[in-house]
Structures are given as structure tokens and as C-alpha cells.
Asker: 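Shown below is the structure under consideration.
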Amino acid sequence: MSKVCKNAGVIVFAVTCIAKCLEAAPGAIALGEKEYFEAPGFAFLVYHNAGSLTRGGLQMMQNGEWLLASDDLQVTGRDSSTRLSARIVRRVVDRERKTATIIGEVSGLGLGYQLICRTDGDRMFVTVKFDRPLDASKIRQASFRMSLYPPAYFMKSFQGDSMTGMFPRQYSGRRTLLKSTRVLRLAQEDPSHTLMFERRDGVLELGDERGNHPTGWFSVTAAIEPGSSDTGMELEIRPSIDPQWRRPPVIGISQVGYHPKQPKRAVLELDPRDAAGGSVNLFKLSLTGDRQLVKSGAAKPWGPFLNYRYAIFDFTDVLSTGAYVIEYRGQTAGPFRIDPQVYDEAWQPTLEVFLPVQMCHVAVRDRNRFWHGACHLDDALQAPAGHRHIDGYQQGERETKFADYEHIPGLSWGGWHDAGDYDLPAGSISNTTLALALAQEEFKPGIDLTTVRRATREVLLHVPDGEEDLLQQVEYGVEGLLGSFRASGHIFPGIIENSQPQYDVTGDPVNITDNHIYDSSLKPDQVSGERSGKPDDRWAFTNRNTGLEYRVAQTLAAASRVLRPKKVALADECLAAARKLWEYEQTNPPVYAPSAYVGRGGSFPGDEIAATAELWLTTDDPQYQKRLYALMPQIRSTPAEQVGRGPGWTLVRLLPKVSDPEYRNLVLEIAKKWRAAADAVEAANPYGVRFPSFVSRSDWKLDSPEQARGNSIMGFGWDLQSDAMRDYFYHKNLPEIFGADTLLNVVNFVLGCHPASNTSYVSGVGANSQLIAYGFNRDDYSYIPGGVISGASFMRPGFMDLKNFPYYFNQTEYVIHGAGSYIFDVLAAQWMLQHQPAAK
């Protein structure tokens, strides 16, 4: 053998050894079993999630924080206004080559492409390859864009080939921060956020997408030059990976605290490479300034869940009233209380601040602060027929007597702004009002801290007026629902701004419209009395929806019971409207006109069952009993889990008044099966709550376009709260089957014992709560006391995160029905703990 051959063999052997060593390096990036790239504290997902540009596509976590996302290709047509859609077909993994490739196509052009992701252990490479050169006669520009999470980079440095700068804290008016650079280095001064991008076959551009909309992120864009014969591009990403990095433990506790009688368990969320070693220490704070160690010991390993390991520290046996903190591995949680009165005030900011602040058609003032003026007094115009609108609203053929754009009277009193925007969706208002009415009926808190003056359209916070605040909010909810019934005989799906610019307004909603009823006979700048020629009034979407009509009938029936002692006339009107809505739907074919927050139909009449049961409970009228009995075969043939999660809670509330064995046996059979199913779901996670099944059994495959169409991007808090409210009635009526733990676990969950962090989801409630949220004051990076966010959201194949960012509505938006169910749940927890024996 020649010397050259021998040397070549040595070189090949050496290269192979080096490659194997790199592959085995503890900090090296590797393609994992679930088809994403991973390293200590690092993950690079390859279209495991579909959603918005900041919640899907390529997603990158570094040192435990999600910093990058992508929304695939940006392909613009020749007229510069047409954005062609890039469609994901499947993901293909080649484990020998260590690549994960997305196969896609540009709809309408018959143009295929590949998005190839690979690693050399230190860097990620993203290559875009088109089937053929781009047709310049049809395509103006094609680019690949990645988005950078803004708070991670505010006031941190960026460096390019010939320019440096700082990421602006607020939008500066410059959409392009840096252009025409081949190398881009970010946050060199902060190793946990340092990133470097490089493109050898073209240039990169750093942008600030907040210029398009406040929800935008910073962006890194690689474009193919117009008219280029190139069929692809490659982007190199060099993350900052520390092989020794470990995620600090999260000590999941209720930030408010615990009643002495209830179970008390801190859930420790640990790095997947960590075991639950070391002692957990519980200290009681004392008046002398000392900290008394009241319990210390190892946490009990629970096992893996999501992408982490979990352990439980149980301190149920600690009963002494006082303030406490928990410490573990350098992390501290608290202070929190153990106290029989721990829940006395936990719900009050939601009732006394958040819900009044969300009230439409009134001015809301808290001492020297005006939250907002009396807004939308010009509500509302009939939405035009055959119109698809923003936020899911749709108007089909008109079913009212009002012409397109004609003013519908009687809609300018009642209802709450649904969320961080200002629409009045009947479905959400109905859910909220029902929760509040049942809370009043069950617990009667009797608190009075708010003044509501209808004559002057004023709401004064922290000023009593002699009226129960919870009842006042129930009244305001039903007024918002009855307005459309008075005008047309059915419930409108909702009222919303008539244009996107109006919808996007933040701050005081009194500035959105001129509060004068639109009159087409007047000129745009003309005002005559209460009318003007400015067409800025909100639109009412008016199509009947059978599911919504039944839901509102249930709400009005329940509300009539609690209003009757003090508001007899309004109670009578509520019950009469509920009866008429139910009777109409019984005698007419069901209609499920699509719109926001309305029923979708289906073979199981859950909304009808709930409304019928509520009316029977309210009136004792045999016609409702007769109809409910007629529905029993459908109830019996439906899976118990569907009934249990649906209208089953209304059926159990009838048990005290129904002696018929057939009915009772059916409800008991359903309840037992539902309890068994719910137990299995709760046992599958360390928090003891009912996460959706895809959380525990997450699939990471992407074998077809259908699998790329969607994913849950909202937090789970609101759904769990609604579950807990229903579970209270199961527990109340069937205590031998349903315990109190489900509701108590959910209250703990919302108040801080949940994945990703231990932040209370209720702003201003608890030692550590969400103080930057997606309310109407989000531009101030502020919060509304008592607002309830949906919380940490799930990402396939097993991650959760919670961002402290006001524009991330997927996690930090407030909604009114989340407020209603939260008030109910906390009052229910308080009542149960006061009336039950201590936990064991």
C-alpha cells in the first residue's frame, strides 16, 4: 500500500472519530426521537405546531426560553398585494443524514418546495429549495422569515456587516432595523439570548413587525432577489448552548394560599435531566422577623409529564394560620397564607374592578382615575347581508325588519366588552351571566362596593350604593341579552366594530365612535341632535342560531330566580323571554347560522337539554319535564363523557326534585362513568386537572396536510374553570361519587400551581401574578385588577410556556367568561371548605 493511501486511511479514520465524538458531545444538537432537534436547554421544532407566525412553523427554545418562530414562506404576487399561500404537505425525517424536511407547495402556482433542517452539532441550517426557478411574471418576491420574541431582545444589541444598533423598547417608526447584511449577531452581551444568523448565498434583513400591528415581533428575513435564477437559499443559525445549563425548578403553589382543611401540595417542575433530590423546606414567617422551619423533607417523585420531571411536596398536615414560604434548590415561592379566610378576598377584584371596567355604555371611574368614558351610545347598525366580518362574525340573509346599516334601537345599555377588544358577543355574555347568577344563588356573598347609576351612565368603584354588586352584574348581563330580544324576538350573536382600524383601537373606547346615531341623510361632518352623518357605529350581527337561543334561554331562566327578590319586573321579563326562546326553537327547524361564540349544531342536543332542564328547575312546568323525558333515549345513547362534560351538570341539579327511578338511574349511571373517565384524565398529570387528551398523548407526526392545520394555542385555565364550576354541582348532588378535589385543584391551578411558571393567572391576586396582560390597556404594558388570563399554552410534542407579553393574546388575554367562572369557583371552594371535614 502506498504512503498516500495509508495517510488517506488515517485521515478518514480521524475524521470519523471526530464526527463520532462530536455526535456524542453532551452539548451537541441532535435529532431526537420526536423529530425535532434538541440539546441541553435547547429545542428546534420542525412544524410540530400550526398556528400564527409566532406560534408555529420552526420554533426554537434556548436556555429554556422560546425565542424564535417562523411562518414559513412569504410569497408575494406581481401586483404586490397578493400573498400566495404556502401549504404544508408533510414532514420527512432522514435519521442517517440527520435531517427533518418539510415538503410544501405554493398554492395556485403548482410550485413545490422543501424546507430542510439539519445540524452539525453546533449550528442549525435551514435550507429552502424550490422545484424550479421562480417565475418573475407571477411572483414579485419570495422570502423566508423568522420571528424573534420581542421582550427577550428589548434594548439588547444587534450587529451586522457594517452597522450596529439596539432593539427598541417601543416601536420607533423604523420597520427596517438593519438590511443587506450577511451576518447578524444578536445580544452578544447576554449569553442566554445570544444568537447569530449567517447567509452565504445572499443577505439578511432585521425588521420590526410592530409597524404593521402592535402584536408583531422582530423579524429576520432572507429573500430571493426579484428575477433571480436561484432555486433556494440557506440560513445558518448559531445558538448559545451551555451543556451544564439546567432549568431552575418551578415550585407550583397557590400564590394566594390554602384553607387549613384543604390538601396542600407543592408541585415541583424539574429539568428532564434532574432527579427530585434535596430537601424542600417550608418556613413560617413570624412577627419577630424569624423564619420557623415547620416542615422539611424530600419531595415524592411523580414522574415525567410533558417535557419535564415532576415531584410532589405534601404539607397537608400543616394547619397553623400564618404566612409561609417554600424553598427548594435556591428557588423561593411565596409568601402565601394558610388561613380559614384565605379565599375571602381572592375573588373580589374580579367582581369589584375587572367586570365593572368591562361594562359597555357607561363611564367607569375609580376615585381619581377614569378607566373609560360612556362608550358606544350609538349602538348599533344592522350588519349588511351576506357579509363575513372580523373576529368570526358573519351576517347571512337578514331576519329582522331593519335594512342594511339601519339603526336598531334599544342596544345601548347592558353587556360587557368581551376581552381586550370591545365587541359584545351574546354567547360570552350569556356564559358569564349564568356563572354569576348561579354564584349568587349558591353563595350569596352580599358584598356592596360599587355604584351603578343608570340615569347618568356612571359606575363608581369602591363606592357602595346599597345594592349587591353580584346582582348588579347579573342585571347588567341580562340587559345586554334582552336588548336584541326586545328588538327582534330572538338573540343576536353580537355587536362589534364595523372596521379593522376601529377593532384594533386600544385605550379608552369612548374614542372609537362619536356616540351619535348614524343618519345617512346627514353629511359625514354634520351633527343634528343625537344623530350624525359619520358611519362609525358598531354593527349588530342578527342571524338566529338555535344553540345560542337555547343557551340564552338557560341563562335568563337562572337569572330570573336570583333577580326576583329585588327586581321582580326584570325577573318576569327574563323568564318570559326564556320561555319564548325555548318555545320558538321547539316549533321551528334548528338553524345554526355561523358566527362568533355560537352553537355549531350536531347530533347531540346538549344546549336544548340544558335549557329544558333549567326551565323545569325554574318553573316546575310539566311541559319541560315531558320534553326532557323525550330526550332521554338520546342522552342514554350518547357517551357518558360527552354528557358529563356537557349538560350532565344541569341534569344532576334536578335530582332533589325528581323521584322517578328511571331518571335517577340514568343520571347516576352517566355520573359514575363520567367520574371514572375524569379520574383517569386527572391522574395522568401531577396537577390533578382535566387537560385535553392531546396534552398527555401528544402526537408529533406530520404525515399529511390535515395534521398541519391546527393546534391548541390558548391556555387551558378558562376551560378548567368551567369544568370546575360544573363539578361543584356534581359534588353537591352526588357527594358519594364526586369529591371536592377537582374544584380545589383547579383553583390552585389558576392561582399558580400549573406548568411553566407559578404565576397567578388572576392579575393583582397572589404574591406573584400576571401584571402584563392583553386588556384594553395593553399598550401600557399594564393590567386590570381581577382580570383572568387563559395562561400557559401547549406546544407539541410536550412543551408549555407562559410569556410576559401583553400582545400574546393566546396566553395573556382577559375574557369575561373567565372572570365569571373564576368568581364562582373561588366562592365554591370557600363554601365547601367551610362546610366539610378537614382533608386527610
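For clarity, every value in this text was computed on a predicted model and none was experimentally measured. One-based numbering along the sequence shown.
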Asker: With distance as the sole criterion, is a donor-acceptor pair present between the side chains of Glu234 and Thr127 under 3.5 Å?
Answerer: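 Present: a donor and an acceptor within the cut-off.
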Asker: Checking Thr119 side chain against Gly121 main chain: does a donor-acceptor pair fall under 3.5 Å?
Answerer: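 Looks like yes, one N/O pair under 3.5 Å.
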Asker: Looking at Arg200 and Glu198, is any side-chain nitrogen of the basic one under 4.0 Å from a carboxylate oxygen of the acidic one?
Answerer: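 Salt bridge flag = yes for Arg200 with Glu198.
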Asker: May I ask you to establish whether Arg238 and Phe197 are in a cation-pi arrangement, using a distance under 6.0 Å from NZ or CZ to the six-membered ring centre and at most 45° from the ring axis?
Answerer: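 No, Arg238 does not sit over the ring of Phe197.
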Asker: Does Glu236 form a salt bridge (charged side-chain N to carboxylate O under 4.0 Å, His left out) with Arg199? I'd like the steps, not just the answer.
Answerer: CA-CA 6 Å; Glu236 175 188 321; Arg199 184 183 176 195; over 6 Å; no
Asker: Does the structure place the NZ or CZ of Arg778 under 6.0 Å from the centre of the six-membered ring of Tyr807, at an angle of no more than 45° from the ring's axis?
Answerer: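 The answer is no; the distance or angle limit is not met.
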Asker: Is the distance between the ring centroids of Phe158 and Phe167 under 6.0 Å?
Answerer: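 Ring centroids of Phe167 and Phe158 are less than 6.0 Å from each other.
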Asker: So that I know where these two stand, are Phe37 and Phe42 an aromatic pair - ring centroids less than 6.0 Å apart?
Answerer: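 When the ring centroids of Phe37 and Phe42 are compared, they turn out to be at least 6.0 Å apart.
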Asker: Is Arg600 reaching over with its side chain to a backbone N or O of Val598, donor-acceptor style, under 3.5 angstrom?
Answerer: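 Indeed, once roles are kept as given, a pair shorter than 3.5 Å links the two residues.
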Asker: Is the side chain of Ser240 donor-acceptor paired with the backbone N or O of Pro191 at a distance under 3.5 Å, no angle test?
Answerer: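 Looks like yes, one N/O pair under 3.5 Å.
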Asker: Are any of the side-chain nitrogens in Lys701 or Asp703 under 4.0 Å away from the carboxylate oxygens of its partner?
Answerer: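 Result for this pair is no, no salt bridge flagged.
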Asker: Determine whether a donor-acceptor pair (N or O, by modelled atom type, separation under 3.5 Å) exists between the side chain of Arg174 and the backbone of Leu177.
Answerer: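 Yes: the side chain of Arg174 pairs with the backbone of Leu177.
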Asker: I want to know whether Tyr814 and Phe809 have ring centres closer than 6.0 Å.
Answerer: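 Aromatic pair excluded; centres sit 6.0 Å or further apart.
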Asker: Should the heavy atoms of other residues, nucleotides or ligands under 6.0 Å from CZ of Arg123 be counted, would the total exceed 12?
Answerer: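 Check passes, neighbour count above 12.
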Asker: Check whether Arg247 reaches the backbone of Asn63 with its side chain - one donor and one acceptor, N or O, closer than 3.5 Å.
Answerer: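 No; zero donor-acceptor contacts below 3.5 Å.
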Asker: Distance-only, no hydrogens or angles: does the Asn212 side chain make a donor-acceptor pair with backbone N or O of Gly216 under 3.5 Å?
Answerer: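 Not a single qualifying donor-acceptor pair exists.
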Asker: Salt-bridge test for Arg329 and Asp274: reply yes if a basic N is under 4.0 Å from a carboxylate O, no otherwise.
Answerer: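 Salt bridge present between Arg329 and Asp274.
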Asker: Using a strict 4.0 Å threshold on nitrogen-to-oxygen distance, state whether Arg91 and Glu35 make a salt bridge.
Answerer: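 A salt bridge links Arg91 with Glu35.
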Asker: Does the side chain of Asp131 come under 3.5 Å of the side chain of Gln114 through a donor N or O and an acceptor N or O?
Answerer: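 There is no such pair between these side chains.
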Asker: With distance as the sole test, does Asp230 use its side chain to make a donor-acceptor pair with the main-chain N or O of Gly232 at under 3.5 Å?
Answerer: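 Absent.
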Asker: Check the pair Arg309, Glu269 against salt bridge (charged side-chain N to carboxylate O under 4.0 Å, His left out), reporting the backbone distance first and the verdict last.
Answerer: CA-CA 6 Å; Arg309 300 186 66 80; Glu269 186 177 69; over 6 Å; no
Asker: Taking all non-hydrogen atoms of both residues into account, name the closest pair between Ser696 and Phe305 and its distance.
Answerer: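 Closest approach of Ser696 to Phe305, heavy atoms only: OG-CE1, 3.9 Å.
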Asker: Any donor-acceptor pair under 3.5 Å linking the side chain of Asp161 with the backbone of Thr181?
Answerer: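 No, Asp161 side chain to Thr181 backbone: no donor-acceptor pair under 3.5 Å.
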Asker: Below 4.0 angstrom, N of the basic side chain to O of the carboxylate: do Arg175 and Glu205 qualify?
Answerer: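 Judged by the 4.0 Å cut-off on N to carboxylate O distance, Arg175 and Glu205 do not form a salt bridge.
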Asker: Does the side chain of Ser157 pick up a donor-acceptor pair with the side chain of Glu189 at under 3.5 Å?
Answerer: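 Glu189 and Ser157 do have a side-chain donor-acceptor pair below 3.5 Å.
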Asker: Establish, yes or no, whether a centroid distance under 6.0 Å links the rings of Tyr149 and Trp66.
Answerer: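 They do not qualify: ring centres at least 6.0 Å apart.
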Asker: Are Phe691 and Phe716 an aromatic pair, judged by ring center distance below 6.0 Å?
Answerer: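 Distance test on ring centres: under 6.0 Å, yes.
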Asker: Please check if any side-chain donor atom of Ser790 sits under 3.5 Å from a side-chain acceptor atom of Glu813, or the reverse.
Answerer: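 Checked: Ser790/Glu813 side chains show no N/O donor-acceptor pair below 3.5 Å.
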